[in-house]
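Heavy-atom basis, side chains included; hydrogens, waters and symmetry copies ignored.
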Amino acid sequence: MNALELLKQQHEEVAKLFKKYEKLADHDDEQRQELFEQIADRLGAHAKIEELYFYPALKKEDTEDELREAVEEHLVVKRLIADLLSMEADEEEFDAKMKVLQENVEHHVEEEEKELFKSARKLLSKEQLEDLGIQMEEEFDSLMDGEPRMDVPEETDRAAPI
């Protein structure tokens, strides 16, 4: 699968999970906790494959600012996930923090699909995007065999190097 198609598909999966979360009644703490964990696992693994493979493949002088901003946005998301991991779904601040997480992810996805995907199409051939997609999908699947959300708290000191 093409790297851009893979990332877009993952963006859509997380968006659907956020929509499911929004529809849950406030009193269904167990389901809200479960959905948070699904979202956090996907975001943790997704950020990791972008930082390990996608962003380095796009690193050129004219993309450095965009990439720096993207990894800083990842850092904000990771910090929110780390906060949520230390909370229970029945805590008052949980839903508010989930909403902020959703808004940050939506903003990041919008910019990434508009700007970085455009850069990727210019910088990488279709074959390179295919190869990158295969590599990223394998890494994502491998990460999802575990609980990638549990790695997030140790990744909150500073943004990943690009």
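Under the ring pair (Phe, Tyr, Trp, His ring centres under 6.0 Å) criterion, Phe18 pairs with no residue, sequence neighbours left out. Take Ala82 and apply the side-chain contact (heavy atoms from CB on, under 4.5 Å) test, not counting sequence neighbours, and it matches Pro153, Thr156. Annotation: side-chain hydrogen bond (donor to acceptor under 3.5 Å, both in side chains) contacts of Lys8 (sequence neighbours excluded): Glu113. Listed by chain and number, the residues in a side-chain contact (heavy atoms from CB on, under 4.5 Å) with Pro56 amount to none (sequence neighbours excluded). Taking the side-chain hydrogen bond (donor to acceptor under 3.5 Å, both in side chains) definition, one finds that Lys99 meets it with Glu22, sequence neighbours left out. Applying the side-chain hydrogen bond (donor to acceptor under 3.5 Å, both in side chains) criterion to Glu110, with sequence neighbours excluded, gives Lys114. Listed by chain and number, the residues in a salt bridge (Lys or Arg N to Asp or Glu O under 4.0 Å) with Glu147 are Arg149 (sequence neighbours excluded).
Cluster membership for Val109 and Leu7, using ILVMFWY side-chain heavy atoms within less than 4.5 angstrom, is not shared. Under the 4.5 Å side-chain heavy-atom criterion for grouping Ile, Leu, Val, Met, Phe, Trp and Tyr, Leu84 is connected to Val105 within one hydrophobic cluster. Note on Leu52 and Ile81: separate hydrophobic clusters, where clusters join Ile, Leu, Val, Met, Phe, Trp and Tyr whose side-chain heavy atoms are under 4.5 Å apart, directly or indirectly. Transitive grouping of hydrophobic side chains (ILVMFWY, heavy atoms separated by less than 4.5 Å) brings Val152 and Leu101 into a common cluster. Linking Ile, Leu, Val, Met, Phe, Trp and Tyr residues whenever their side-chain heavy atoms come within less than 4.5 Å leaves Ile49 and Met150 in two separate clusters.
Distance check, rounded to the nearest 0.5 Å: CG of Leu80 to CD of Gln102 gives 12.0 Å. Considering CZ of Phe36 and CG of Asp29, their distance stands at 14.0 Å, rounded to 0.5 Å.
Judged by distance alone, the side chains of Glu37 and Gln33 do bring a donor and an acceptor atom under 3.5 Å apart.
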Which donor-acceptor pairs under 3.5 Å do side chains of residues 61-70 form with protein atoms, sequence neighbours excluded?
| from | atom 1 | to | atom 2 | distance (Å) |
| --- | --- | --- | --- | --- |
| Thr63 | OG1 | Leu58 | O | 2.5 |
| Thr63 | OG1 | Lys60 | N | 2.9 |
| Thr63 | OG1 | Lys60 | O | 3.1 |
| Glu64 | OE1 | Arg68 | NH2 | 2.9 |

N/O donor to acceptor pairs below 3.5 angstrom from side-chain atoms of residues 126-146, sequence neighbours left out:
| from | atom 1 | to | atom 2 | distance (Å) |
| --- | --- | --- | --- | --- |
| Gln128 | OE1 | Ser125 | N | 2.7 |
| Gln128 | OE1 | Ser125 | OG | 3.3 |
| Glu139 | OE1 | Tyr53 | OH | 3.4 |

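Applying the salt bridge (Lys or Arg N to Asp or Glu O under 4.0 Å) rule to pairs touching residues 80-91 yields Asp83-Lys97, sequence neighbours excluded. Among residues at least two apart or in separate chains, side-chain hydrogen bond (donor to acceptor under 3.5 Å, both in side chains) pairs with a member in residues 72-82 are Glu50-His74, Glu51-His74, Glu51-Lys78, Tyr55-His74, Glu73-His107, Glu73-His108, His74-His108, Lys78-Glu155.
Between His11 and Phe117, the angle of the ring planes stays under 30°, which puts this pair in the parallel group of the 30/60° scheme.
Nearest approach of Lys59 to Ile162, heavy atoms of both residues: NZ-O, 2.8 Å. Pro148 approaches Gly44 most closely through the heavy-atom pair CB-C, 4.4 Å.
Arg121 places a side-chain heavy atom less than 4.5 Å from the side chain of Leu4. At least one side-chain heavy atom of Met1 sits less than 4.5 Å from a side-chain heavy atom of Gln9.
Arg42 places no side-chain N or O within donor-acceptor distance of the main-chain N or O of Val14, the cut-off being under 3.5 Å. At distances below 3.5 Å, not a single donor-acceptor pair connects side-chain atoms of Asp28 with backbone N or O atoms of Leu24.
Hydrophobic clustering, defined by side-chain heavy atoms of Ile, Leu, Val, Met, Phe, Trp and Tyr closer than 4.5 Å, leaves Leu75 isolated from every other such residue.
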